[in-house]
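Bear in mind the structure is a predicted one, so any value in this text is a computation, not a measurement. Only this structure's heavy atoms are used, side chains among them; waters, hydrogens and symmetry mates stay out.
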Amino acid sequence: MNKTIYTAILLCLAATSVSCDKFLDQLPDNRAEIDSVEKVRKLLVTAYSSRTYVRYFEYASDNVDFAGEKNPNTNQLLDQNYAWEAMTVAENESNVNVWQNYYKMIATANAALEAIEKCGTPEEMLPYKGEALLCRAYAHFCLTMIYCLPYHPQLASTYLGVPYIDAPETTLNPKYVRGTLEEDYRKIEQDIEEALPLINDEAYNVPKYHFNKKAAYAFATRFYCYSLQWEKAVDAAGVVLGSNPSEMLRDWAATAKLTWGYESRTMDYIDPLNKFNLLLIPLYTANGTIFNAWSGAGSRFTHNNRVAKKETFRCKRPMGGPYDTGKDDCYAIYQHPPFLWYDNITNKVWMPKWPNQWEVVDAVAGTGYSRSTFVAFTANEVLLNRAEAYIQLKKYDLAAADLETWNQSFYKVGQYSVRSLTPELIDEVYSDPSSARYIPLYTREEPTSRKELHPHGFTVEAGRQENMTQCLLFCRRLDFLGEGLRWCDVKRYGITVDRFDDTNYDDATTTGYKAGESLPYNDLRRAFQIPQESIKTGLEANPDDNSKNPDHPFVSSYDTLN
């Protein structure tokens, strides 16, 4: 077999050029020959990235507030993340580790694809070819979500992409260029569409830990929404949801009947037997404590009572119900209320999604690794993606039907004044200031869930389309809490993010918070800075200062091209 290395790309993208030169004195052959279906299958088991974007996206979004300097539960990486600064700190979930693990996923996928081709691409290997293509596409897509600006059909060819690696590396110290976001999206789409017909769930013992058919089409649905291909998004969603989407959604009412406790309910959340879970990925991560209402970890910046009362769980909402009142009243309307903790230091409000699966290394010394399981794709997301596509296609009745299906699964519709979502109700909520149900537009002084939109690359017309979009974004924000996808909506829909200091927040009177720094909708920091180690090897850094880049298309032409 050729002396092909798939660690070289990691070293030369994620480490400094000096370390590359010292480490690689000769071209090694550092994997066994992959010449059978079983070897390809085993290789792909190791393909999935053990790090992810979730924590970065949650801390960058409007889902978290500042609890105050007296709260010690932070670290320098979280501080940088929250302040939209380049993340330079070395730790388990550092910027370079996330970058490196996605490129490791790509390298493993490429190694599998090369092996399949050398075997003559027999029919029994086709499902694994599909899986490898999807792993390659997904890893590149995640990298663009993190390190690139949002897609715009007229501007993507001018936006920096990420290096798209579509073959195993065979040279020492290879040189890479970032290319453009348009090129990345084109190649991602090619890989997805080549892979979809090849996926066969029977190839896996536990399909939920692989790109099974529903997970593959869920990924396609997200990609088509982000690339503004609305009809394709609808078609892909239909494969996942079938004729009765309500049967595919998360059954929060059933979860609420389980034994009380964060651990039992988070473990239920990741159960592969649940229909709504489409792809599960084990991680090395502290998310099980950071997004855990019973842990103080990471709580200097967190989703707390101020955010919940003004913008999420306890705010005025399109489906109605008690709002801006005591926690018990507001949370009674949910099929499963969020877990919360409030004391002099910790103030957290999270849904039970991330178990803390500690991996013991030394039982005597009490050492080990923080682990958890990432539900990378859910039927809930697919349904809300389809609703988004329907709204863009102006098929409002179909969009409302999907939103109501979600509404029924999340809220106790018909109780506590919670109403069914219809286009007429949604119009009243967002267009009729004389109605008691009206939700005014967000301001820094009077925050609400309804934020001004500056969609990037597409339009949202005033009237019913905007009203439906506002309702959709509210539903998405609650459903995706703790999963990071709110940040993607913030980027795609051009939502300004305000920081709030809740040092003196009083929940009973809803006072004591103050607005701080803002991230405008056309701020270049919406693309995270690539790792410094990669910049040192010659990769072009992201422009991250609007004042130094006034002519950048994202800054100067945002409104005129939308």
How many angstroms lie between atom OG1 of T302 and atom CZ of F66, to the nearest 0.5 angstrom?
13.0 Å
I'd like to check the salt bridge (charged side-chain N to carboxylate O under 4.0 Å, His left out) partners of D523; sequence neighbours left out, ordered by chain and number.
R525
If the condition is salt bridge (charged side-chain N to carboxylate O under 4.0 Å, His left out), which residues does E311 pass it with, not counting sequence neighbours?
R306, K451, R477
Determine yes or no for a side-chain-to-main-chain donor-acceptor pair under 3.5 angstrom, with W84 supplying the side chain and A60 the backbone.
yes
What's the separation between atom OG1 in T469 and atom OH in Y493, rounded to the nearest 0.5 Å?
5.0 Å
Those residues that, when tested against T405, pass side-chain hydrogen bond (donor to acceptor under 3.5 Å, both in side chains) (two or more places apart)
none
In chain order, what residues pass the side chain to side chain contact (heavy atoms under 4.5 Å, CB included) check against P127, with sequence neighbours excluded?
N200, A203
List the residues meeting side chain to side chain contact (heavy atoms under 4.5 Å, CB included) with E381, not counting sequence neighbours, and say none if there are none.
R222, F377, T378, N385, F480, L485
Distance-only side-chain donor-acceptor flag, N356 / N292, under 3.5 Å
no
Does one side chain, of T503 or E69, offer a donor that lies under 3.5 Å from an acceptor on the other?
no
Above 12 or not: heavy atoms from other molecules or residues under 6.0 Å from CG of N344?
no
Going by side chain to side chain contact (heavy atoms under 4.5 Å, CB included), name the residues that satisfy it together with A515, two or more places apart in sequence or in a different chain.
R444, F500
Distance-only side-chain donor-acceptor flag, Y513 / N305, under 3.5 Å
no
Across all chains, not counting sequence neighbours, the salt bridge (charged side-chain N to carboxylate O under 4.0 Å, His left out) partners of E359 are R371
Among all residues two or more places apart in sequence or in another chain, which pass the side chain to side chain contact (heavy atoms under 4.5 Å, CB included) test with K42?
E38
Before accepting this row, confirm whether a basic side-chain N of the pair D507/R314 lies closer than 4.0 Å to the acidic partner's carboxylate O.
yes
List in chain and number order the residues that pass salt bridge (charged side-chain N to carboxylate O under 4.0 Å, His left out) with K208, two or more places apart in sequence or in another chain; answer none if no residue qualifies.
none
Could you tell me which residues satisfy side-chain hydrogen bond (donor to acceptor under 3.5 Å, both in side chains) with K309, sequence neighbours excluded, listed by chain and number?
T510
Contacts of type side-chain hydrogen bond (donor to acceptor under 3.5 Å, both in side chains), residue Y342, not counting sequence neighbours:
none
Might you work through the side-chain contact (heavy atoms from CB on, under 4.5 Å) test for L249 and F276, ending with a clear yes or no?
CA-CA 5 Å; L249 296 192; F276 48 75; 5.7 Å; no
When rounded to the nearest 0.5 angstrom, what is the spacing between OH in Y138 and CE in M105?
6.5 Å
Residues D498 and Y442: side-chain donor-acceptor under 3.5 angstrom
yes
Residues in side-chain hydrogen bond (donor to acceptor under 3.5 Å, both in side chains) with S449, at least two apart?
none
